[in-house]
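A short worksheet on the structure shown next.
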Amino acid sequence: MSTTDTAIASAEAHSAHNYHPLPVVVATADGAWMTDVEGRRYLDMLAGYSALNFGHGNRRLIDAAKAQLERVTLTSRAFHHDRFAEFCTRLAELCGMEMVLPMNTGAEAVETAVKTARKWGYRVKGVPDGMAKIIVAAGNFHGRTTTIVSFSTDQEARADFGPYTPGFEIVPYGDLTALAEAMTENTVAVLIEPIQGEAGVLVPPPGYLAGVREMTRERNVLFIADEVQSGLGRTGRTFACEHEGVVPDMYVLGKALGGGVVPVSAVVSSAAVLGVHRPGEHGSTFGGNPLACAVALEVIAMLRTGEFQQRAAELGDHLHHELGLLAGGGAVEAVRGRGLWAGVDIAPALGTGREISEKLMDRGVLVKDTHGSTIRIAPPLVISKEDLDWGLDQLRGVLAG
């Protein structure tokens, strides 16, 4: 057996089979490239679902982490530490908000947003106890906790995990009429992804986000934008909501906030919303720890320059132009996305998304499939144009057979 086969066999024998990864075993990585245990190099066109927006082994992030590792890594929130205030201040400024509630994973941040919206509904809006409703969109992916899968329409993520948490109403994504009809006096929030990632990088119709913003403001309902994947530079703006000039009541952030170094997530909102929390009502031992804050502060500093957003916009235009040339030619049925983020629907006759991903892997490119014959392309924002073009050439080769 090869080193790869041995490692995969051991993983299969001793880990729960909750993932079905491609048969590659990564040993090292740098920038947009990864090297496996056999010494083969691969172009990373997934970037850890946007967690690695700034590339593998980004020197600024690694140096920030190393420096903090020598000082203090964890205090718990039982005590203050000297990186916490600056992290909250800088993140709030980046978002144009006032308060930050830090957690670790994206799913934790979504759970935090749900709890915050409900509490705001009872304490501020005056919704009767136990009657709060949150509207979500079909095709959503907000995580895999029992509460979150309760409002998922993906049966693979949902089946066998009931009983499900009540209090959610699902409407079609991009449909403002359905959203308006679903709202009642007990609606406390609308929770949506500005671009649906797991669903295949679905961009909503023009005016949808602005319509959600207007409708929620008129009805005294919180607009919660889950920007865990779409935020922090991926789409060519700091936040995907900016493409429609929209500012939600609450951002849910994660993935890239930790730079691919440590898990960092946060809910960012106004004092009127996050101010409903009191000590003991919600928390996390590791949320806002010194190491996480040190790395996230460097991420925020990098984003403040606008350099990465501009790079994602310019390379994204090139990416979508090249992918657009493939659409309609028989091999590619549709292309969607924004910035350095694309969903590519492959003609089913050419193979499933998994099969296309495996063929790309054989050519040294790593992507991830979703929903049948769709593949997602989301390289690190530091990728060079030459490497991006090389990756696209490999896709053309696979599609040509």
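Computed over heavy atoms, backbone and side chain alike; hydrogens, waters and symmetry mates excluded. Keep in mind the model is a prediction, meaning the values are calculated, not measured.
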So, [X] side chain and [Y] main chain: donor-acceptor pair closer than 3.5 Å or not?
| X | Y | answer |
| --- | --- | --- |
| E193 | F141 | yes |
| D387 | S384 | no |
| S373 | G351 | yes |
| E358 | P23 | no |
| S150 | T146 | yes |
| N53 | L232 | yes |
| D249 | F223 | yes |
| T305 | M302 | yes |
| R213 | V247 | yes |
| E227 | C241 | yes |

With a 4.5 Å limit on heavy-atom distance, are the side chains of [X] and [Y] in contact?
| X | Y | value |
| --- | --- | --- |
| N289 | V262 | no |
| R304 | E93 | yes |
| N18 | R144 | no |
| H243 | L209 | no |
| V382 | F308 | yes |
| E108 | T145 | no |
| L395 | I375 | yes |
| L399 | L350 | yes |

In terms of heavy-atom contacts, does [atom1] of [X] have more than 12 from other residues, nucleotides or ligands at under 6.0 Å?
| X | atom1 | answer |
| --- | --- | --- |
| R40 | CZ | yes |
| Q155 | CD | yes |
| E38 | CD | yes |
| E156 | CD | no |
| H17 | NE2 | yes |
| D160 | CG | no |

Closest non-hydrogen atom pair, [X] against [Y]:
| X | Y | result |
| --- | --- | --- |
| R363 | V398 | CD-CG2, 3.5 Å |
| V228 | L253 | CG2-C, 4.0 Å |
| A225 | P194 | CB-CG, 4.2 Å |
| L274 | S269 | CD1-N, 3.7 Å |
| R237 | E242 | NH1-O, 3.1 Å |
| A342 | H320 | CB-CE1, 3.8 Å |

To the nearest 0.5 Å, what is the distance between [atom1] ([X]) and [atom2] ([Y])?
| X | Y | atom1 | atom2 | answer |
| --- | --- | --- | --- | --- |
| Q229 | Q196 | CD | CD | 11.0 Å |
| L291 | Q68 | CG | CD | 6.5 Å |
| L52 | L46 | CG | CG | 9.0 Å |
| D369 | E355 | CG | CD | 10.0 Å |
| L319 | D389 | CG | CG | 9.5 Å |
| L91 | L297 | CG | CG | 9.0 Å |

Go through D129 and R118 one step at a time and tell me if the salt bridge (charged side-chain N to carboxylate O under 4.0 Å, His left out) criterion holds. CA-CA 9 Å; D129 186 47; R118 286 175 169 176; over 6 Å; no
What orientation do [X] and [Y] show, parallel under 30°, tilted 30 to 60°, or perpendicular over 60°?
| X | Y | answer |
| --- | --- | --- |
| F84 | F87 | tilted |
| Y173 | Y208 | perpendicular |
| Y251 | F239 | parallel |

Go through the steps for V295 and V264 under the test side chain to side chain contact (heavy atoms under 4.5 Å, CB included), then give the verdict. CA-CA 9 Å; V295 173; V264 186; 5.6 Å; no
Using side chain to side chain contact (heavy atoms under 4.5 Å, CB included), reason through R71 and H81 one step at a time and then give a plain yes or no. CA-CA 11 Å; R71 299 179 68 248; H81 65 78; over 6 Å; no
Walk me through it: do L360 and Y42 pass the test side chain to side chain contact (heavy atoms under 4.5 Å, CB included)? CA-CA 10 Å; L360 280 168; Y42 298 86; over 6 Å; no
Regarding [X] and [Y], do their side chains bring together a donor and an acceptor under 3.5 Å, going by distance alone?
| X | Y | result |
| --- | --- | --- |
| R219 | T216 | no |
| N104 | S265 | no |
| H371 | D154 | no |

Could you walk me through whether E322 and R396 satisfy the salt bridge (charged side-chain N to carboxylate O under 4.0 Å, His left out) test, starting with their C-alpha distance in whole Å, then the side-chain angles of each, then the deciding distance to 0.1 Å, before giving a yes or no? CA-CA 10 Å; E322 295 300 311; R396 292 187 192 97; 2.7 Å; yes
Evaluate the salt bridge (charged side-chain N to carboxylate O under 4.0 Å, His left out) criterion for residues R60 and E298: first the C-alpha distance (whole Å), next the side-chain angles of each, then the deciding distance (0.1 Å), finally the verdict. CA-CA 7 Å; R60 288 180 63 173; E298 199 64 30; 2.8 Å; yes
Evaluate R217 against E214 for salt bridge (charged side-chain N to carboxylate O under 4.0 Å, His left out), listing each step before the verdict. CA-CA 5 Å; R217 185 178 288 119; E214 182 181 1; over 6 Å; no
Derivation and outcome, side chain to side chain contact (heavy atoms under 4.5 Å, CB included), residues T112 and V252: CA-CA 9 Å; T112 300; V252 180; over 6 Å; no
Under 4.0 Å between a side-chain nitrogen and a carboxylate oxygen: does that hold for R376 and E198?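 Salt bridge present between R376 and E198.
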